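Down below is the structure, laid out as C-alpha cells.
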Amino acid sequence: MQKFQLQDYRLEPEGKIAKRMIYKDTNVISFILNIAPGASLPPHTHFDCTVLLQVLTGKASVNVDGKSLAAAEQDLIQLDGPEKMSVDNVGEETLALYVSISPAPPNDQYTKDADL
C-alpha cells in the first residue's frame with residue numbers, strides 16, 4: 001500500500017505545461033498535468049488505452065474527435081485511447097488534472113516528468 005499527496009505534484013508551470021508522474025507499473029500510469037492559464041495540451045491519442053481525467057482545479061475545454069466538453073473542478077472524464085483529444089485551460093488559474101492511463105502506454109516517454 002502507498003499513500004500519495006496530490007498537492008505534492010501540483011505546481012505553477014514555468015512554461016505552458018508541467019507533468020509530474022505519481023505512479024507507474026505495467027498496468028497503469030498516473031500523473032498530474034498542470035496547465036498554465038491560456039495554454040493547451042496539443043491534440044494526441046493514447047493507443048488502445050483507457051484514459052481518466054479528473055479536474056482538480058480550474059476550468060477546461062476537453063476536445064475529443066472534434067467535439068468540445070466543458071469541465072470544471074470534480075468532473076471526471078473517460079476517454080478511449082484511439083480518440084484524438086486535446087485540453088484547453090479556459091480559466092484564470094492553473095488547470096490541474098489528475099490523469100490515469102490503463103494499461104500503461106507502450107512507449108516509456110509517457111512515463112516521465114515533462115515541462116513544455
Side-chain angles (χ1 to χ4, degrees):
M1 179 186 319
Q2 293 183 25
K3 180 179 178 181
F4 302 94
Q5 296 293 321
L6 296 183
Q7 69 261 17
D8 293 344
Y9 304 90
R10 294 184 47 208
L11 55 98
E12 296 297 322
E14 290 183 21
K16 296 180 180 184
I17 299 171
K19 173 185 171 185
R20 294 297 177 263
M21 291 298 302
I22 299 171
Y23 180 81
K24 63 181 176 179
D25 66 22
T26 57
N27 297 314
V28 65
I29 64 171
S30 65
F31 53 91
I32 300 288
L33 273 181
N34 301 281
I35 304 174
S40 297
L41 180 66
H44 63 288
T45 62
H46 295 92
F47 310 98
D48 289 324
C49 304
T50 297
V51 179
L52 292 171
L53 302 173
Q54 181 182 4
V55 180
L56 299 175
T57 60
K59 295 178 183 177
S61 177
V62 179
N63 312 296
V64 180
D65 289 341
K67 297 178 184 175
S68 294
L69 176 70
E73 291 181 22
Q74 304 306 311
D75 286 345
L76 179 65
I77 299 167
Q78 180 269 322
L79 302 164
D80 294 322
E83 294 177 306
K84 190 170 196 172
M85 62 89 65
S86 65
V87 178
D88 303 319
N89 181 345
V90 296
E92 296 181 12
E93 65 179 305
T94 295
L95 172 64
L97 300 173
Y98 172 80
V99 181
S100 67
I101 302 175
S102 180
N107 191 324
D108 195 41
Q109 77 176 7
Y110 295 97
T111 65
K112 298 178 181 174
D113 288 349
D115 295 291
L116 306 171

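The shown structure was predicted, so the numbers you read here are calculated from the model rather than taken from an experiment.
Counting non-hydrogen atoms of neighbouring residues, nucleotides and ligands closer than 6.0 angstrom, the CD atom of Q78 exceeds 12 such neighbours. By the 6.0 Å contact criterion, CG on D115 is enclosed, its count of non-hydrogen atoms from other residues, nucleotides or ligands being greater than 12.
Summarising the geometry, atom CG belonging to L79 is positioned 5.0 Å from atom CE belonging to M85; distances are rounded to the nearest 0.5 Å. Rounding to the nearest 0.5 angstrom, the gap separating the CG atom in L116 from the CD1 atom in I17 is 5.0 Å. If you take CG on L76 and CD on Q54, they are separated by 6.0 Å, rounding to the nearest 0.5 Å. For the atom pair CG of D48 and OG of S102, the computed distance is 12.0 Å after rounding to the nearest 0.5 Å.
With hydrogens and angles disregarded, a donor-acceptor distance shorter than 3.5 Å links the side chain of N89 to the backbone of A36. Side chain of D25 to main chain of V28: a donor-acceptor pair is present (N/O by atom type, distance under 3.5 Å, no hydrogens or angles). Under the 3.5 Å distance criterion, the side-chain polar atoms of S61 are left unmatched by any main-chain donor or acceptor of A70. Between the side chain of D113 and the backbone N or O of A18, no donor-acceptor pair lies under 3.5 Å.
The hydrophobic cluster containing L56 does not contain V99, counting ILVMFWY residues as joined when their side-chain heavy atoms lie under 4.5 angstrom apart, directly or transitively. L11 and V55 fall into different hydrophobic clusters, where Ile, Leu, Val, Met, Phe, Trp and Tyr are joined by side-chain heavy atoms under 4.5 Å apart, directly or via other members. Residues M21 and L97 share a single hydrophobic cluster, defined by chaining ILVMFWY side chains whose heavy atoms lie under 4.5 Å apart. Under a hydrophobic-cluster definition in which Ile, Leu, Val, Met, Phe, Trp and Tyr are linked whenever side-chain heavy atoms come within less than 4.5 Å, directly or via other members, I77 and I29 are assigned to the same cluster. Tracing side-chain contacts under 4.5 Å through hydrophobic residues (I, L, V, M, F, W, Y), one never reaches L52 starting from L41; they form parts of separate clusters.
When all heavy atoms of N34 and Y9 are compared, the closest pair comes out as ND2-O, 3.1 Å. Nearest heavy atoms, C49 versus P103: SG-O, 3.1 Å.
Partners of Q7 under the side-chain hydrogen bond (donor to acceptor under 3.5 Å, both in side chains) rule, at least two apart in sequence or in another chain, are Q5. D8 pairs by the salt bridge (charged side-chain N to carboxylate O under 4.0 Å, His left out) definition with nothing, not counting sequence neighbours.
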| Candidate pair D88 and K59, rule salt bridge (Lys or Arg N to Asp or Glu O under 4.0 Å), full reasoning | CA-CA 9 Å; D88 303 319; K59 295 178 183 177; over 6 Å; no

| task | Give the intermediate values and the outcome of side-chain hydrogen bond (donor to acceptor under 3.5 Å, both in side chains) for residues T57 and R10. | result | CA-CA 10 Å; T57 60; R10 294 184 47 208; 3.2 Å; yes

| request: Step by step, work out the side-chain contact (heavy atoms from CB on, under 4.5 Å) result for I22 and L6. | output: CA-CA 8 Å; I22 299 171; L6 296 183; 3.7 Å; yes

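Within the structure, side chain to side chain donor-acceptor pair (under 3.5 Å) contacts touching residues 66-76 (residues at least two apart or in different chains) are N63-S68.
A centroid separation of less than 6.0 Å is found between the aromatic rings of F47 and Y110.
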